[in-house]
Amino acid sequence: MKTIFKSLLAITVLSIVLSSCGNGGSGNRAQGALTGSAAEKVYVAPGEHDEFYAFVSGGFSGQLAVYGLPSGRLFKVIPVFSVDAEKAYGFNEETKPMLNTSFGQIPWGDSHHPDISQTNGELDGRWIFINENNTPRIAKIDLTTFETTEIIEIPNSAGNHSSSYVTENTEYVIAGTRFSVPVPQRDMPISEYKGNFKGALSFLSVDPENGRMDLSFQILMPGFDYDKAHPGRGDSHGWFFYTTYNTEEANSLLEVNASQNDKDFIAAINWKKAEEYIKAGNYKTMPTRYAHNIYDEETHSAKTTWGNEVKVLDPAECPGLVYFLPTPKSPHGCDVDPSGEYIVASGKLSADVTVHSFSKMIKAIEEENFSGEAYGIPIIDFEAVHAGSVKQSGLGPLHTEFDGEGNAYTTFFISSEVVKWKLGTWEVIDRKPTYYSVGHLMIPGGNSRKPFGKYLLAMNKITKDRYLPTGPEVTQSAQLYDITGEKMELLLDFPTIGEPHYAAAIPADMIAKNSKKIYKLDENKHPYAVRSEAEAKVERNGNEVHIYLTMIRSHFAPDNIEGVQVGDKVYFHVTNLEQDYDVPHGISMIGAQTSELLIMPGQTETFIWYPKRVGIWPFYCTDFCSALHQEMQGYIRVSPKGSSVPISFTLDGDAVDAE
Ligand code: RUQ
Ligand code: CUA
């Protein structure tokens, strides 16, 4: 086994070396040149809109980026798990609670797999969910505001990788632990991992009205690594499938020790059965602690509530809840075709892509066609569940998506290619190189009942010489392929933010029409909001000074403030009074140890400034908002501590309004 692994490793290294010199040299661009027709296919004329929104995970940036397809133009980076000084996310008082966890406030996360909400197995465009791998969390982004509105921490987990995928009607969004750990956490020798560590799979219900997530239950699985997951659909709706690796339960040098078994498993979870067990009270309640952070659009503020228990199911005590499907070999991707019949597993160390059949699985369960059991969980006989394999299709298969026309597309990391093959006959139809070392791929709607087809986006881990060099760190990138014909056609390369793990895309017209234009001022329930300049004021409360500030083109009210002292804690509560589309204002204060605020029309945000020195200190608008943007500024007079200068402020502002 070790030899196979080492030779695969050697091929990886070789293929990277080959690809980097194969296309090397700045003089040789011919290979990458597009045909005129390819250029036309991605050209979106100035002022025209793209056909699809693509939401591309930022990987270790912790964020989610919004691109247009086919142009590859970047529209927005949505801050999710990492602070973002540009948008004040995690810096202003309102969004700080979004990053609360049981470990404290965490300024960074590792985002992986976005998934758009579904109704009847089709994308509905209401929300997009994304998982955080490092400090296990799932976030929800509202697709009317393109803002993160909810983050829930996943207890009893470590490395929330097999996440965040939704069931057919968004009944659940799921999480799964990549690293098994002691549950509950305790002090014990690592060498006693085997048989003692557990892998928690989590099911979070989603309120169909407001999208509110709730940690419904967890299934405490054997101590394997739970890697990827996808929901059943159609007939297999009610099931969830997770790939596992390290069924060896090794705790060290996994590259060798977790590559011993010929086959690992896909864990098939019957979540409808889980609901029955929960209903029947067949669960344990486990004390735990996790943060649940919700952003309220009316108060423009986030609040954390704390969960302190979770319902836990033990598969050994719940017959029919979990089955294992033997699957070669350290499988990564776990993908279900649009019909729900085929479960495609990509064994990282297997030469073939393995496909299981859902209907065969049900039959095998009925006939109890089992080849053994692991920790009380039946292992279905491989032949009884195996539908077929795509033979010798490439090296290092990772992920598969579907076009809805009976074709599947699988990425191969080691051989750097996308391979198109036919469901049912398993024959390879086409293969195209990627540049280089592709991880995920995405077809709009490609993990739903109704893929939109047309394009395939390959997300690459390595770009080498594909772009202008930028020092040792070079961009990662995505590549767009036309999949309307029998053969795929490479159309476009474009750089991405962070590492592009998975993505999700949806026809633009499904969400563009719902996009919010402004926040209504008269619906603003922020406790420090003011709705007109007349209400703007400055108040002292001990050593706290609260400035209720307004902004409108092109001035602040008040814009001269006196009576602040060294040692005060000065709150800027700032309301943007604009009610027009696309007129944010920004504000920053000299010496404030935080970011600017970038405030949308009708919104209120807060930052805190600790004046340290006596003097007259300016603040100004940071977003070029009008012809007189440069005039949008103000002063604060800071007197020594204990000074008798009273709080005073101006409200006339010497109208320099451009409008
Ligand atoms: S998993 S390739 Cu998160 Cu494949 Cu990224
Ligand atoms: Cu307001 Cu610039």
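Order of listing sets the numbers, starting from 1, for every ligand and every atom in it.
- Two residues are said to be in side-chain contact when any heavy atoms from C-beta on lie closer than 4.5 Å; Tyr502 and His112 fail this criterion.
- Here Ser626 does not reach atom 1 (Cu) of ligand 2: none of its N/O/S atoms is less than 2.8 Å from the metal.
- Taking every heavy atom of both residues into account, Val438 and Glu417 meet most closely at CG1-O, 3.7 Å.
- As for His629, its N/O/S atom nearest atom 2 (Cu) of ligand 2 is the one called ND1.
- Between Tyr528 and Tyr548, the ring center distance clears the sub-6.0 Å criterion.
- At a heavy-atom distance under 4.0 Å, only side-chain atoms of His332, from C-beta outward, approach ligand 1.
- Residues Lys329 and Asn261 approach most closely at CE-O, 3.2 Å, considering heavy atoms.
- Centroid-to-centroid, the aromatic rings of Phe324 and Phe224 come within less than 6.0 Å.
- Using a cut-off of 2.8 Å, one finds that His399 contributes an N/O/S atom close to atom 4 (Cu) of ligand 1.
- Within Asp623, the N, O or S atom at minimum distance from atom 2 (Cu) of ligand 2 carries the name O.
- The atoms of ligand 1 that sit less than 4.0 Å from any heavy atom of His112 are 3 (Cu).
- Comparing Glu499, Lys348, Lys461, Lys228 against atom 2 (S) of ligand 1, the shortest heavy-atom distance belongs to Lys461.
- Shown here is Lys76, whose NZ atom has more than 12 heavy atoms of other residues, nucleotides or ligands within 6.0 Å.
- Rounded to 10°, the angle formed at atom 1 (Cu) of ligand 2 by SD of Met632 and ND1 of His585 is 100°.
- Between Phe624 and His629, the ring planes are tilted. Angles from 30° to 60° get that label.
- The ring of Phe75 has its center no closer than 6.0 angstrom to the ring center of Tyr67.
- Atoms of ligand 1 found under 4.0 Å from any heavy atom of His113, numbered from 1 in the order shown, are 1 (S), 3 (Cu).
- Checking Cys621 against atom 1 (Cu) of ligand 2, an N/O/S atom falls under the 2.8 Å cut-off.
- At the top of the distance list for atom 5 (Cu) of ligand 1, counting protein heavy atoms only, stands His501 ND1, 2.0 Å.
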